[in-house]
Amino acid sequence: MRSSLAPGVWFLRSFSRDSWFRGFTLLLTFLIYTCYHMSRKPISIVKSRLHQNCSELIKPINDTHSLNDTSWCSWSPFDKDDYKELLGAVDNAFLVAYAIGMFISGIFGERLPLRYYLSAGMLLSGLFTSLFGLGYFWNIHVLWYFVLIQICNGLVQTTGWPSVVACVGNWFGKGKRGFIMGIWNSHTSVGNILGSLIAGIWVNQEWGLSFIVPGVITAIMGIITFLFLIEYPEDVDCAPPQHHEGSDKDQDNPEDPENSPYTNRESSQETMTSCSKEPCAEPVAISFLGALKIPGVIEFSFCLLFAKLVSYTFLYWLPLYIFNVAHFGAKEAGDLSTLFDVGGIIGGIMAGLISDYTNGRATTCCIMLILAAPMMFLYNYIGQNGIVSSIVMLIICGMLVNGPYALITTAVSADLGTHKSLKGNAKALSTVSAIIDGTGSIGAALGPLLAGLISPTGWNNVFYMLISADILACLLLCRLVYKEILAWKSSLSKGRGSSLALTHPR
């Protein structure tokens, strides 16, 4: 009779299988949210096509417009003098709908299977993205059509973020969550780049395809999600992650329970054992108010509001700022603006690594926000003196601005969604992620709007607004930073006490 496997061999096989499924889930959710961002990007590329400088183009022979018509090449209704306001209305239709819908989306995400919820969201997002492009082929020239499509798209896109964060949080424990999610969060920049490249292929010909092709890709990804997404490790007999550390850390600082939201491993193993022997009750989804009561949710939510305000203002206005102030060409300005996203990828990974090592999410965010304020000031005054200074300062600004934004929307959301006050109920991940990102999305809608109102008074005032928002984001974390400092001091004191006891035994 064949002997059973040695314990070490069994462990390696089990570990390899668990790692494979975790890697697959990480890759799949990365591609899912890449598609979400890819479908958002075409509007910023096609704007230049909807309203053009027609005097630089040759009018077709069979064109019916008058000789004095300077807007013959633009797309009605964006061919009028108020085209900036109309394009702004299209932008804000998406952003406001996204911000409002995010608060509702997390609640549904906790009560519906993530696989069905994400699949339906991606299919609908692909549909509405394609419908915007079909406006070109259907020859639609009424503003309400494009605004309505953007509102619907903004609402269905809210299915994405809380669901993918919840899924990744289900698979990955607290240990290296910041580093893993820092790398994983680069899907935002990858999606923006892909959306720009795909939309750019057709923008000067049939611009409707700039929306239809990303829409079709997103819908296809929705089908793949339905077929292959695995919500929980237990669904494929994999070991669930350890969301919390040992209970000793809870005793380090009894005055700071919220800064150490951990349970011990033994208790979690006992719970798993008891559940395997007798059926356990399905955890009840947390309410909206219940999620708000989790320590740290409100502070991080409002911090993200101001952090995302800064980030999205750069996203929507940076190319125009470089074009107007540094006097680069339109293509060069667009290429340079992508360096801000490159810096954001680096900043997200750095923030995750540092916060994992120090166990101080709030402190990491606060320090990066403190450094970001003077760096934005310097970029505005000396960052346009040459191509080298522009490149260096754009990357640094991207690191410091997007680092805290990436950390809060990923690792912090997952940490709070598995807080010890939930007593092992993992059904809060989606709601907590939705509350935090939904509040941040209010800032994402306000930032570009304020920049558009302030920019006619001078770009300096726009940067003063961004610096003020950055400082407010930092101040909102002061209480949590203080709690983390107390926890570190308590841990150091305990460590010194242990070393003295070993040095001088009784």
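Side chains are part of it too, since the values below use all heavy atoms of this structure and drop only hydrogens, waters and symmetry mates.
- Applying the salt bridge (Lys or Arg N to Asp or Glu O under 4.0 Å) rule to Asp91 yields the partners Lys47; only residues at least two apart in sequence or on another chain are considered.
- To the nearest 0.5 Å, atoms OG (Ser119) and CE (Met221) are separated by 9.5 Å.
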Output side-chain donor-acceptor pairs under 3.5 Å for residues 345-353, partner residues at least two apart or in another chain, one line each.
none

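- Under a cut-off of 6.0 angstrom, the local environment of OH in Tyr357 is sparse, with at most 12 non-hydrogen atoms contributed by other residues, nucleotides or ligands.
- Applying the ring pair (Phe, Tyr, Trp, His ring centres under 6.0 Å) criterion to Tyr116, with sequence neighbours excluded, gives Phe226.
- In this structure, CE in Met368 is found 8.0 Å from CG in Leu371, a value given to the nearest 0.5 Å.
- What you find for Ala451 and Thr313 is that their closest heavy atoms are CB-CG2, 3.7 Å.
- Pairs of residues two or more places apart, or lying in two chains, never qualify as side chain to side chain donor-acceptor pair (under 3.5 Å) while including a residue from residues 208-223.
- Closest approach of Met38 and Pro214 over heavy atoms only: CE-O, 3.7 Å.
- Around atom CZ of Phe94, more than 12 heavy atoms belonging to other residues, nucleotides or ligands sit under 6.0 Å away.
- The side chain to side chain donor-acceptor pair (under 3.5 Å) test applied to Thr363 returns Glu484, not counting sequence neighbours.
- For residues 156-165, the set of pairs meeting the side chain to side chain donor-acceptor pair (under 3.5 Å) definition, not counting sequence neighbours, comprises Tyr36-Thr159, Ser39-Gln157, Arg40-Gln157, Ser125-Gln157.
- Considering every non-hydrogen atom in both Leu477 and Cys366, the closest pair reads CD1-N, 4.1 Å.
- Ring pair Trp20/Phe24 is parallel by interplanar angle, where below 30° counts as parallel and above 60° as perpendicular.
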As a quick check of understanding, evaluate side-chain contact (heavy atoms from CB on, under 4.5 Å) for Thr29 and Trp171, giving each step before the final call.
CA-CA 11 Å; Thr29 51; Trp171 278 90; over 6 Å; no

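- Applying the salt bridge (Lys or Arg N to Asp or Glu O under 4.0 Å) test to every pair with at least one member in residues 433-445, sequence neighbours left out, gives these pairs: Lys308-Asp437.
- Contacts of Tyr379 classified as side chain to side chain donor-acceptor pair (under 3.5 Å), with partners at least two apart in sequence or in another chain: Gln384.
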So Phe132 and Val46, side-chain contact (heavy atoms from CB on, under 4.5 Å) or not? Walk me through it.
CA-CA 11 Å; Phe132 195 103; Val46 174; 5.9 Å; no

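- Between Cys167 and Leu114, the closest heavy-atom pair is N-CD1, 4.0 Å.
- At a threshold of 4.5 Å between non-hydrogen side-chain atoms, the residues Val165 and Thr409 do not count as touching.
- Formation of a donor-acceptor pair under 3.5 Å by the Ser301 side chain with backbone atoms of Val297 is found in this model.
- Contact of the Leu131 side chain with the Tyr145 side chain is registered, since non-hydrogen atoms from C-beta on lie closer than 4.5 Å.
- Here Asn192 contributes atom CG and Leu197 contributes atom CG; the two are 11.0 Å apart, rounded to the nearest 0.5 Å.
- Trp207 contributes no side-chain N or O that, together with a main-chain N or O of Gly133, makes up a donor-acceptor pair within less than 3.5 Å.
- Residue pairs satisfying the salt bridge (Lys or Arg N to Asp or Glu O under 4.0 Å) criterion with at least one member in residues 126-135, sequence neighbours excluded, are absent.
- Here the side chains of Leu472 and Phe302 are not in contact, with every heavy-atom distance at 4.5 Å or above.
- Interatomic distance, CG of Leu127 versus CE of Met122, reported as 13.5 Å (0.5 Å rounding).
- Taking both residues in full, the closest heavy atoms of Ser311 and Asn402 are given as OG-OD1, 2.7 Å, listed atom of the first, atom of the second, then distance.
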Check step by step if side-chain contact (heavy atoms from CB on, under 4.5 Å) holds for Leu143 and Val90.
CA-CA 8 Å; Leu143 180 65; Val90 173; 4.2 Å; yes

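- At least one donor-acceptor pair closer than 3.5 Å links the side chain of Asn170 to the backbone N or O of Ala166.
- To the nearest 0.5 angstrom, Phe340 atom CZ is 11.5 Å from Met399 atom CE.
- Within the 3.5 Å criterion, the main-chain N or O of Glu231 finds no donor-acceptor partner in the side chain of Arg115.
- For the pair Phe314/Leu466, a side-chain contact is recorded, criterion being any heavy-atom separation below 4.5 Å from C-beta on.
- From Phe228, atom CZ reaches atom CD1 of Ile230 across 10.0 Å, with rounding to the nearest 0.5 Å.
- Residues passing the side chain to side chain donor-acceptor pair (under 3.5 Å) test with Thr188, sequence neighbours excluded: none.
- Nearest approach of Ala445 to Asn92, heavy atoms of both residues: O-OD1, 3.6 Å.
- Under a 3.5 Å cut-off, the side chain of Ser186 and the backbone N or O of Ile183 do form a donor-acceptor pair.
- Counting heavy atoms from C-beta on, the side chains of Leu134 and Phe211 never come closer than 4.5 Å.
- With respect to Leu304, the side-chain contact (heavy atoms from CB on, under 4.5 Å) criterion is satisfied by exactly one of Leu309, Ile408, Leu476, Leu407: Ile408.
- Between Tyr321 and Phe463, the ring planes lie tilted relative to each other; the angle falls in the 30° to 60° range.
- Residues satisfying the side chain to side chain donor-acceptor pair (under 3.5 Å) criterion with Tyr136, sequence neighbours excluded, are absent altogether.
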Does the side-chain contact (heavy atoms from CB on, under 4.5 Å) test come out yes or no for Leu400 and Met376, once each step is laid out?
CA-CA 9 Å; Leu400 298 174; Met376 285 190 287; over 6 Å; no

Stepwise, does the side-chain hydrogen bond (donor to acceptor under 3.5 Å, both in side chains) test hold for Tyr117 with Ser105?
CA-CA 10 Å; Tyr117 195 53; Ser105 179; 2.8 Å; yes

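- Under the ring pair (Phe, Tyr, Trp, His ring centres under 6.0 Å) criterion, Phe78 pairs with Phe146, not counting sequence neighbours.
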